[in-house]
Amino acid sequence: MSAKKLLVLPGDGIGPEVMRQVVRIMTWLDRRRNIRFEITEDLVGGASLTVHNTPIRDEVITRARESDAVLFGSVGDPKWNHIGFDKRPELAILRLRQDLGLFANLRPAKVFDALVDASTLKPDVVRGLDIMIVRESVGGIYFGAPRGIETLPDGTKRGINTEVYTTAEIERVARTAFELARKRNNTVCSVEKCNVMESGLLWKEVITALHASDYSDVTLTHMLADNCAMQLVRAPRQFDVIVTGNLFGDILSDLASMLTGSLGMLPSATLGSRNEAGHMPALYEPIHGSAPDIAGQDIANPIAQILSFAMLLRYSFNMQAEADMIETATSAVLASGLRTADIMSPGMARVGTSVMGEAIVRELDKLQG
Ligand code: IPM
Ligand code: MG
């Protein structure tokens, strides 16, 4: 079997320390299941700015393109708040998404039984919750032109961003959502603001047409984004797959993640189109940011990063058994009462980043037998 090429980009803040826990799992896979990766590691975000004066070098983008998958940590550091949008740490992830054509950002929000009390919502509202948000990730207002800040004749300024979606952009992300729904509860809710935005109206029309032509076996509903935010808090279990644009997806996925108790729990996958040779560009990252306030203290929750690696095994390498093992081991560790600070509750045992990582590896050992 050919080598599995991984590019590992820990980034800023808690990125490196949570990534170290994934390395433990990679070592375990090598030792106990004879699965090896060819790993290259590089700098992105503020870490890259400091050394290379750019949030991401072209050669890192090239390496990402040549890899089977990219495992990303997080970027962002208040130290760089003063610099322009053409140089911010966040540009690293935005460029990777755009240059690799990673248009479908899959953000699951799943409640672990052991954590049902960690949610700020009532247990009865979130128990068993399992939502998949499919967020378009290379279009919309994040990338639309014109954009910028211009000076008006009277000396005041005008900030401009543009929401743009084409038929093709809507169709390809909608296909991802419908295909995923077929493997889940067969229901897609498409979210936009067609009551005030033309791009939202087109979004709804294109998805309705695609549904009729290719996916009429899937149940499709439509919802305005503001109502969706409300419904996610009121009765989140009504959703299976949600498909939406870049900005609404950014916001709604943070909201959905909190239903599960902690941002520190949630992984994501961002996928592009498979080419004729069967290669699909893909990047996996936790939803949480770089959390600079707690970086380097061994208190961050490594689970989102670990579950991102499980998604990588599942979607890029079709290693369902190993992905299942990692998810099962994580549930077992949570059930045993270990908690990092972000998901701590009375009566549980508080542990740090590396103890949590070790505990998951020990649980993998048990599963392997
Ligand atoms: C996310 C983040 C990014 C985004 C930032 C870091 C650019 O919030 O992945 O959700 O807005 O897409
Ligand atoms: Mg976000």
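We count ligands from 1, going down the list as the structure has it; atoms in each ligand are counted the same way. Any value given below was found using the heavy atoms of this structure, including those in side chains, with hydrogens, waters and symmetry copies removed.
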Give the numbers and elements of all ligand 1 atoms closer than 4.0 Å to a heavy atom of Arg135.
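Listed by number with element: 1 (C), 4 (C), 9 (O), 10 (O), 11 (O), 12 (O).
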
For [atom], what's the nearest protein heavy atom and its distance?
| atom | value |
| --- | --- |
| atom 4 (C) of ligand 1 | Tyr142 OH, 3.4 Å |
| atom 1 (C) of ligand 1 | Arg107 NH2, 3.3 Å |
| atom 10 (O) of ligand 1 | Asp250 OD1, 2.8 Å |

Would you mind writing out the side-chain donor-acceptor pairs for residues 197-208 within the sub-3.5 Å range, not counting sequence neighbours?
unit_1, atom_1, unit_2, atom_2, d
Trp203, NE1, Ser190, OG, 3.0
Thr208, OG1, Lys204, O, 2.6
Thr208, OG1, His222, NE2, 3.4

Taking C-beta and beyond as the side chain, do Val22 and Val18 meet within less than 4.5 Å on heavy atoms?
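They are not in side-chain contact.
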
Please determine whether a side-chain nitrogen of the Lys or Arg among [X] and [Y] lies less than 4.0 Å from a carboxylate oxygen of the Asp or Glu.
| X | Y | answer |
| --- | --- | --- |
| Arg88 | Glu90 | no |
| Lys366 | Glu363 | yes |
| Glu150 | Lys157 | no |
| Glu38 | Lys4 | no |
| Arg314 | Glu327 | yes |

Measure from NZ or CZ of Arg135 to the centre of the six-membered ring of Tyr142 and say whether it is under 6.0 Å with the direction within 45° of the ring axis.
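Yes.
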
Over-ring placement of Arg175 relative to Phe178, 6.0 Å and 45° cut-offs:
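Cation-pi check for Arg175 and Phe178: fails.
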
For Glu285 and ligand 1, does the shortest N/O to N/O distance drop below 3.5 Å?
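Min N/O separation from ligand 1 is not below 3.5 Å for Glu285.
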
Quick one: does Glu90 get an N or O within less than 3.5 Å of an N or O on ligand 1?
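No, since none of the N or O atoms of Glu90 sits under 3.5 Å from an N or O of ligand 1.
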
Do you know how many protein N, O or S atoms are within a distance smaller than 2.8 Å of the Mg ion (ligand 2)?
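My tally for this metal is 1.
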
